[in-house]
Structure formats: structure tokens, C-alpha cells
Protein chains: 12
Amino acid sequence: MSNHVYKSIELTGSSATGIEDAVANAIAVAAKTVRHMHWFEVTETRGHIEDGQIAHWQVTVKIGFTLEG
Amino acid sequence: MSNHVYKSIELTGSSATGIEDAVANAIAVAAKTVRHMHWFEVTETRGHIEDGQIAHWQVTVKIGFTLEG
Amino acid sequence: MSNHVYKSIELTGSSATGIEDAVANAIAVAAKTVRHMHWFEVTETRGHIEDGQIAHWQVTVKIGFTLEG
Amino acid sequence: MSNHVYKSIELTGSSATGIEDAVANAIAVAAKTVRHMHWFEVTETRGHIEDGQIAHWQVTVKIGFTLEG
Amino acid sequence: MSNHVYKSIELTGSSATGIEDAVANAIAVAAKTVRHMHWFEVTETRGHIEDGQIAHWQVTVKIGFTLEG
Amino acid sequence: MSNHVYKSIELTGSSATGIEDAVANAIAVAAKTVRHMHWFEVTETRGHIEDGQIAHWQVTVKIGFTLEG
Amino acid sequence: MSNHVYKSIELTGSSATGIEDAVANAIAVAAKTVRHMHWFEVTETRGHIEDGQIAHWQVTVKIGFTLEG
Amino acid sequence: MSNHVYKSIELTGSSATGIEDAVANAIAVAAKTVRHMHWFEVTETRGHIEDGQIAHWQVTVKIGFTLEG
Amino acid sequence: MSNHVYKSIELTGSSATGIEDAVANAIAVAAKTVRHMHWFEVTETRGHIEDGQIAHWQVTVKIGFTLEG
Amino acid sequence: MSNHVYKSIELTGSSATGIEDAVANAIAVAAKTVRHMHWFEVTETRGHIEDGQIAHWQVTVKIGFTLEG
Amino acid sequence: MSNHVYKSIELTGSSATGIEDAVANAIAVAAKTVRHMHWFEVTETRGHIEDGQIAHWQVTVKIGFTLEG
Amino acid sequence: MSNHVYKSIELTGSSATGIEDAVANAIAVAAKTVRHMHWFEVTETRGHIEDGQIAHWQVTVKIGFTLEG
């Protein structure tokens, strides 16, 4: 395992439901084009407010995946 | 849109349920006196422990709203 | 001077022109209701992109003013 | 209350469900050996990805408790 | 207690004597208009120098108080 | 809007003129290959000095764009 | 000296008097169980407010001591 | 030189030997697909422990390269 | 080039005009006594307000130059 | 794996040789009393200078291990 | 005032008494060679422990002074 | 020892070999003009890439030395 090289990208997922769902959405979109994803880290948690209520959450994650070197 | 000026305030909401509910509580109280809120950002997630269990969550958010200039 | 108490607020000004103008806009709006402003500090510089070009700058400043204690 | 001394430790709890459950797991394990816990603060939110989906969340918390001095 | 919402403001107090006195000055001025203050956190410690000696300390604190929701 | 996923990339633009122009240069190059850019954030402002004068500015921006998921 | 290994722990001391006394209280409690303490670093300075006045200071310190390896 | 635009990516290289070797591994893999790399910056140094010993180092680097604009 | 040693100093330049001019002023003063300056990095952007308007900008830069070893 | 709870401690190892050796020394001492260590992260790299030369390196690591819950 | 250029240096003063005295000691030594000092900012507060008690405080300050350009 | 005042300067050393050698080069150059150096702290680790390989490392250190007050 010690010779692998990982790349990380930064995505922001959104969801009307909450933080976990916004992260899942970001990873689901990434999974369409990126293989070998291993971990994520939440780097920012924001959201939009409409009419005095939370309209949706926007959660930014770093996602790490193995480069097929 | 480019001439608007936004102000941000910092509130801490609490909830026995979880992070999303604590943020919703903070925004609900803000909505009583602040209009034109547009976004929030979570800046701190803490909580209190009683009898070895989470008693309530305390989540701090910056909330941005348009100044009616 | 050593007995003064200062309060700081956080505003975001925007401008199609650039950073200095966005800050000036934020301070101009603040000046309508806040007196005795003394300093500002830029804490975030962002902007919006439309059609592949900068549409406007959004610059966040902390502004400090004397509380008339 | 002003003479108490608090110690903080750093634990990482995990959960397949979400952030709140991961924190609750960390505190439940701590409660087996630590008494007089009062507060926690989330310092890092990460997770593992398997087959393009979130496998489990890993949330790091600082936990503060009174030293019985 | 878990339904309270707190607001935090940022003040800078000054004092020729030292850090504790500068914080006390900031809180004393806040107490004239803000009720239900509960905690403070020191976020910056600065000062002015005149004739090669400390003229006064300037200490910035975040102060948290309950919003009467 | 709440189901969009955004990706952010980090570019450094340079300019002999100033900060705004360096950012515009970075975005102009990005626009050749990236569509649906929405925002940028300045993360670093540096520059080179030649013969005791500013030779050019180098400004790093995070640029966010919608993934066409 | 170059083969020593140090461990650091994080304590929060409190005092009605001020910062230095709060730190001294934390170290005095630590000294009951920890030997070979060498240094400390203040990482957070907070406090409680009661009736519009500072009730007590809460100062967090990292304390380093030699592990007897 | 002042009209160049640089892009930075983030990779994590690993090595059983040490930090320099882990960085070299990351750059060697990047060199297979990225041309015109100019600089790197170490942003995180971690590692895995097996049987009470360092199994391998994991070093994260930002790598900057010229966009052929 | 790999044997050079650089020193960095921190200066704050001011200008009634804007950020670029404040940096240029700082570098111009440094150029009177420092040779072989190569780069700068903006570390803080502040300013003074008089009569509700920006009176001057104060921009802090780290400046790096070769030590003639 | 998703139900494990990890604890992290902070140690500083030293070495006359270099960074990797200082980390190895810290982990070797930890291994005498801590089982199930899994990862480390370097959080600070310092050293002592004697007679104008590096006398020894002091490297601080966070070390994570499984709590046997 | 808007054409002044300031330089900042970083000193660490120590004192057996407390934080304010350590800062005053640093400034007193600086005053022997530096003129036109205007401000300071505390950037680190540490100390040494001997026999389970605070032996002395070590407080690091940035000190700003006008360059006579 | 408690009355000493320390000054810190920031240097960047470079080396084709690695991090330790780059730091040693910085300290060796400093030793030509600075006496009574006591400690260093690594604040940044960067490097240059040529032809897809590390050309040299550039490591920035703060170096502390006693002011002969």
C-alpha cells in the first residue's frame, strides 16, 4: 500500500435535507467519473436562506482517490 | 445585484436533536427581527454532556442579510 | 484615548469595478447609520462570474467604530 | 465554580449513520472510563468511501471534563 | 436550556493597566445596553507604544448573550 | 438549485497591472475549457520584484463551477 | 537531552482574579499527578460574565512534560 | 512571464523511507500526465503505524504547473 | 540557485489610492536599503476611515530578498 | 470497522539526525505503553541550535490509536 | 500620515511576574535601538515550569515602528 | 534566565538534498552574522520542480536568538 499516490479534489454538494445528504450528493456525482475514491473531509458547511428558513445546505468536501499510476 | 451591501451577524442555536435543528433554531429566532437573510455558514459545532450523554448541541452560524441601503 | 471601547461589525460590499470600490461601497452604506468609524480590515475577497467573466467583486470588511460610552 | 480545572481529550467516533451518531459513539466509549464530562467540540469531520458511497463517518471531538483536584 | 439562542458581538476595550482591565472596560460599556451576557473570549491582544513604553492595552473580546426569543 | 454539485479548482493569474487584472487573466484562461463558472475566492496575493519595483502580481483564486451531473 | 520524548496535555484553569492565576491553578492541579513538567502555552482565554461583570476567567493551556522512557 | 496562468493540484505520495521520498513519488506519478510543473508546497505530513513502528509516510503536496493558455 | 538563502521582512505601506499603490510604497522604501529583493506576499489589508470615508489603505507585505552569503 | 473509537495523544520526539528519526523516537516511546496505534500526523517541526549549528530536531506528532471499547 | 511605511519585528520578552511585565521587558529592550515604535500585538503566550510551578512567562510580540523613509 | 529578550528572524534555506540540509544551510548563513541563536521552527516547506523531478527544496525557518540587552 505504501507506493500509492492519492489525488484530492474539492466538491460542494447541496441538499434541502441536511449535511449528510449534501455530502452524499457530492460523492454520488463524483462517482460517475472518478473511481477508487477512499475518503472525504468536510471543509465548509454553508447554506441558503429563503423566507427566513433554510432553503438548502451546501457542504464542501475534499475527496481523495487513488491515482492509477 | 452588484451594488448590494450585506451584513453578517453571529448566532449560536441549540437543540437536543442535532446540528441541523440547532441551526434552524438560530435562524428562526433571527427571522423575528432580521429581514432579507440570504446565507449562513457554520463556524463552530459544540455541545453539552450530562450524565455521560449529549444533552444538547450548540452550533454557531454567521448569517448574512442585505442592508437596505 | 485609553478608555475608549470599540465595536466591530462585518459587512460585504460589492462592485463591478474592483476591490477598493467594493470596500468603499460597504463603508458608504455603514456611514448612513454608524458614526465614529475609525478603521477597517479586509477579511475575504470573493466575486461572481457570469459568461466566463468577472461580474462583480464581493469584499468583506470588519469595520471598527467608537462606542459612545 | 471558578476554582475547577478541566482536562480535554480528543476522540474520533465513527458511524455508518451520520455525524451526530459518530459523536454519540465517541462519548459513549469515553463515558466508560471518564466521569464529569461537561462539553464537547467537533474539530474534524471526515469519512470513508467504499464502492462510490459513504461507508462511515469519522468525527473528531474534544471532550472536556472536570479534574477532581 | 437547550432552546436558547445566543448572539455574539465583538468589542475592543482599552486600559493603561493591563489585559484584565481592558476586558473589564469592554464588558462594562456593553452592560449599559446589553442584558443577559454569559461569556467572553479574548480574540486579539494589542497595544499602543508611546515614548518607548506601553501607553495602553487594546484587547478584543467576543461577548455572548441570550437573545430573548 | 439545491441539487447542484460544484467543483472548485485553484488557479494563479499574473499581471503587471494589479490584483483585479491578475484575477481576470486567470478566469479568462479557465473560460477556454471550463463552462458554468459561478464564483471565485482570492486565496493568496503575491508578486515578483525586479530592480526594486513590482514586476508583476500573482493572485491565486479558487474558482467554482457547476458539474453537469 | 536530544533523546527525550515529551507529552503534552490540555487543561483549563479558572480564577476570579485573572489570566496568570487561572494558569497557575491549572498547573497546580496537574502537579499533583504529573512530574517533569517543563513548559506551557496558552491556547485560549475565555471567561464567564454574571450580572454584567467578569465572574471568572477560564484559560486553556497545553502543558509539556518529559515521558520517563 | 507575467501573463502565465498556473494551476495547482493536490496529491499525496507515500513512502516507507521518509518525507522527501514520499514527495518524489507523488511528483513522479504526476509527471506521467502533467507537463510544465514548476513548484510544490508540502501541506500535510502524516503516516501509518503498524506493530508500533512507522509503516509508511504519507505527504500531501500542492503542485503548480503552467496552463498552456 | 539551490544554495541561496533568503530573508523575509514585514513592512506595511500606506496609500490614499488603493492596495497596489500601498504595496508599491512599501517596496520603494525598502529599496533604499535592501538589495536583491525577489518576491512579496500580502499578509494583511487594512485601512483608516475619516468622516465616513476611506482615508488611506494600509497593506502589510512580507518581502523576500537574497542574503549575500 | 465503523464502530471503532480512536483516541489521539500529542508527543514530541527529538533526534540529532533529522525529522524522520525524531518521529520514530516518539512512536517508539509510545509503543511501550500504548497498543493499537494506527496513524500519526506531524503538527510542529522545531529544533535547538548550539554553537551556530543544529543540535537536535524536535518534532511533534499526534498519534491515533483504537480504544478497546 | 498616509505615506508612512511601518516595519514590524518579532521579540519574545520574559518575566517571572506575568504577561504584561514580559511585554514591557521586550519593549524596553527594543527601545534601546529602535525609535518611533507605535504598536504591538501579542502573538504567543508561553512559559517555563520548574518544580511544578510557573518559573517565568515568555510572551512574543510583533512591534511596529515607522521607517524614516 | 527569565530576563532575556529573544528576537526571531525568518530565513529560507535551499538544498538539492532535502529538508534537513536546507535548514542547515539557512542556519549556516545566519551564523555568519548572528550570535546566540537558540532555536528554530519550520514554517513552510516548498520546492522547485524541473523536468518532472525535484530540483531543490526551499524550507523557511524562524530562528530565535538572544538580544544582548
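Chain letters run A, B, ... following the sequence lines, proteins first, then strands; residues in each count from 1. Note that the structure is a prediction, hence the values are computed from the model and not measured.
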Here the pair of heavy atoms bringing F:Ala31 nearest to C:Gly52 is CB-O, 4.0 Å
Say you draw a straight line from CD1 of C:Ile19 to OG1 of F:Thr45; how long is it, rounded to the nearest 0.5 Å?
7.0 Å
Atom pair CD/OG1 of F:Glu20 and C:Thr17 - distance to nearest 0.5 Å
9.0 Å
As an exercise, state the distance from CD1 of C:Ile49 to CZ of F:Phe40, rounded to the nearest 0.5 Å.
6.5 Å
How many angstroms lie between atom CD of F:Glu41 and atom CD of C:Glu44, to the nearest 0.5 angstrom?
5.0 Å
Quick check for you: to the nearest 0.5 Å, what is the distance between F:Met37 atom CE and C:Glu50 atom CD?
11.5 Å
